[in-house]
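See below for the structure under consideration.
Chain identifiers are assigned alphabetically (A, B, ...) following the order of the sequence lines, protein sequences preceding nucleic acid strands; residue numbering begins at 1 within each chain.
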Amino acid sequence: MIEQRLSQVVTQAFAACQEAGEIPRTVVCPPIHLERPRQSAHGDLATNIALVIAKAAKRSPRAIAEALVARMPSDPHLQGVSVAGPGFINFDLIPTWFVEQLTEIIAADQRYGCTNIHQGERCQVEFVSANPTGPLHVGHGRNAILGDVLGNLLAAVGYQVTKEYYVNDTGVQIETLGRSVLCRLRELQGEKAAFPAECYQGSYIIDIAQQLQGDGTAVAWQTLDERAQSLACGRYAADRILRGITDDLAACGVVHDRYFLESALHVEGAIPVVIEQLRHAGHLYEQDDALWFRSTAFGDDKDRVIRKSDGSLTYFAADIAYHARKYVEGFSRVVDVLGADHAGYVPRMKAVVAALGHDAGSLDYVLTQLVNLTRGGEVVSMSTRRGEYETLARLIAEVGRDVTRYFYLMRSHTAQLDFDLALATAQTLENPVYYVQYAHARICSIFAKAEATGAGWRQRDPLEASQLDLEEERALARLVGEYPGLIRAIAEELAPHRLTVYLLEVARTFQSYYTRGKQDPRYRVLGQALPKMQAKLSLLHCLRIVIRNGLGLLGISAPERMNRIEGDAAHHD
RNA sequence: GUGCCCGUAGCUCAGUCGGAUAGAGCACAAGCCUUCUAAGCUUGGGGUCGCAGGUUCGAAUCCUGCCGGGCACGCCA
């Protein structure tokens with residue numbers, strides 16, 4: 001907030017310098033980058049603009065900085081501006097600069113951090129989209145949580161977001177699924193045959209076969225021929241598995257707005273239509289009896305087959321129609337969250353979007369790297385074939401929703417993630433998610449106490465700036481003021497892990513401040529003269545808002561009290 | 001072989017658009033509870049930012065080449 005204000009001040013100074021001929025008119029004013037210097041001696045905020053434009057302006061950075069400072073309009077929040085080092089401009093703020101900001105935070109409340117910069121734009125986030133041939137495993141979990149939070153973040157900057165799951169409910173894999181179930185069914189009926197190696201080996205297939213037999217469905221299908229039975233089994237199993245997936249996702253707090261079935265594309269006849277469209281635009285050609293899409297014209301490594309020489313369509317063909325449909329539906333921005341093993345798919349899909357006449361930049365791919373699930377240092381196998389993998393459902397049951405989500409979000413999605421179950425469960429006391437939640441609970445507890453003593457927080461009272469005179473309080477105020485800018489940046493970069501880093505810093509700064517109250521009464525909130533307590537409570541309320549809203553975007557609860565965990569008693573010996 | 005991701009403290013990882021003396025947690029060492037939750041806090045040790053060049057006022061960050069780990073390279077999905 002203060003950053004916006006100061007960047008305007010700098011922009012005005014820049015314009016004034018150009019007016020005065022101190023900066024050539026050919027130099028474009030870059031985005032003003034204001035940062036919090038590591039050392040307090042370097043002011044409250046600093047900008048490097050003079051260093052950035054020095055070369056283009058053909059003047060020394062220091063000279064430019066001096067000129068900018070000389071022509072800088074005054075601002076009531078500034079008490080000093082200086083040029084330092086190679087040409088940084090350091091800003092010293094008046095001690096009470098943050099008061100308006102706190103007032104604004106309290107007024108914005110639940111909406112604090114949300115902006116409307118993308119108002120009126122529709123965005124679709126497609127994620128999970130796992131084939132309904134088996135339960136979700138921990139790799140899908142990362143995709144699910146990341147996609148869910150990206151959706152929340154994009155909504156926070158104004159997009160009208162739709163969270164979507166694309167279901168491949170046709171094709172080879174569903175046929176294999178049907179055959180797998182049918183084979184297990186035959187086994188249950190006493191037939192003796194080796195279970196095919198290419199079929200799904202997991203025990204859930206047997207469960208489905210048992211259910212089929214148990215509810216009499218299998219009997220009704222006995223009049224059908226082999227292929228029809230297999231197809232029926234496939235549909236039945238896919239439907240059941242998809243329902244299981246939906247349940248597992250719900251257990252993680254992930255709910256999609258829509259499940260879009262691939263079969264719907266076939267029913268609509270959407271694929272021939274989009275093929276015609278591409279052919280018309282000259283992006284297709286026939287070769288070796290197959291139909292090709294000239295994706296190399298848009299930067300792909302090689303052209304891609306849409307219709308195989310045997311006349312059948314590729315998976316890619318359906319996906320083209322699916323993506324074309326997204327734009328027809330009115331989404332101006334599309335985000336697909338995929339596993340990194342599908343990275344090779346990105347150039348051809350962007351090529352499709354471009355070939356259809358859209359900006360390829362409107363389609364973003366977020367690729368999640370591998371998740372290594374370990375338990376006490378040992379890698380847990382995730383082979384679907386052998387059916388030994390660790391399911392997401394089991395992870396949630398064992399670790400819990402909040403911890404699971406936080407762990408997935410803690411690391412950049414561009415890096416592989418080691419998810420240590422032993423750490424997530426056994427070391428709950430040092431778990432960062434509890435640390436952040438605890439900060440929230442502690443603040444709530446202080447408010448409850450204030451209420452109980454009859455001197456509760458009165459929101460309507462004006463905040464008296466002079467009452468917040470501690471350095472730590474200014475640091476906290478500055479931190480919560482950075483929140484909206486951070487959300488904007490994170491939504492732009494599609495990098496939610498930065499929010500966990502930020503929340504941890506907020507929690508840490510608060511915990512440190514809080515604990516000083518044990519020794520130093522000035523740091524205590526309760527028991528102060530009324531105006532001071534009111535001011536401190538207002539600050540704490542802002543902290544509470546930021547933690548609550550931040551955790552909310554992450555889909556993690558912000559409890560008002562934390563129940564003690566067994567084993568903590570050791571600390572009191 | 002080609003493309004993408006990763007390499008930062010003993011371990012797990014942050015590090016924004018190139019910025020001032022590279023950070024946190026865990027682990028280790030020493031302290032702090034009559035008071036708003038000690039699930040906490042304070043202090044300390046610990047670094048060839050994989051290696052070598054380059055770009056420039058300045059590089060963990062950008063470029064090139066290597067080394068190491070992962071993933072992908074189909075008329076499969």
Assess whether atom CD of A/E175 is packed by more than 12 heavy atoms of other residues, nucleotides or ligands within 6.0 Å.
-> yes
List the protein contact pattern of nucleotides 10-17 of chain B with one symbol per nucleotide (5' to 3'): B for base contact, S for sugar-phosphate-only contact, - for none; contact means a heavy-atom distance under 4.0 Å.
-> --SSSSBB
Of the nucleotides B/rA38, B/rA20, B/rC75, which has the atom closest to the A/V305 side chain?
-> B/rC75
Separation of the P atoms in B/rA14 and B/rU21, to the nearest angstrom = 25 Å
Below 3.5 Å, does any donor atom in the side chain of A/D301 face an acceptor in the base of B/rA72, or the other way round?
-> no
Salt bridge present between A/R36 and A/D44 (N-O < 4.0 angstrom) | no
Between A/F419 and A/Y408, ring centroids under 6.0 Å | yes
Using atom P of each nucleotide, how far apart are B/rC17 and B/rU35 to the nearest Å?
-> 46 Å
Of the candidates B/rC75, B/rG70, B/rG40, the side chain of A/Q511 sits closest to B/rG40
Could you give the distance separating B/rA27 and B/rU34 at their P atoms, to the nearest angstrom?
-> 25 Å
Say you pick atom P in B/rA24 and the same atom in B/rG31; how far apart are they, in whole Å?
-> 22 Å
If you check every side-chain atom of A/L526, which of B/rA72, B/rG70, B/rC36 has the closest atom?
-> B/rC36
Confirm from the modelled atom types if A/R524 and B/rU35 form a donor-acceptor pair under 3.5 Å, side chain to base only.
-> yes
Assign A/F407 to base, sugar-phosphate, or nothing according to its heavy-atom contacts below 4.0 angstrom with the strands shown.
-> nothing
Bracket string, RNA chain B, 5' to 3' - pairs by Watson-Crick or G-U geometry under 3.5 Å, | interstrand | (((((((..((((.....[...)))).(((((.......))))).....(((((..]....))))))))))))....
Taking the six-membered ring for Trp and the full ring for Phe, Tyr or His, determine whether the centres of A/Y166 and A/Y322 are under 6.0 Å apart.
-> yes
Between the side-chain atoms of A/S445 and the base atoms of B/rC36, is any donor-acceptor pair under 3.5 Å?
-> no
Among B/rC36, B/rG19, B/rC75, the nucleotide that comes nearest once only the side chain of A/P86 is considered | B/rG19
Among the candidates B/rG19, B/rC71, B/rC36, find the nucleotide nearest to the side-chain atoms of A/V525.
-> B/rC36
Inter- and intrachain pairs under side chain to side chain donor-acceptor pair (under 3.5 Å), touching residues 495-509 of chain A, at least two apart = A/E493-A/R498
What integer number of Å spans the P atoms of B/rU56 and B/rG15?
-> 28 Å
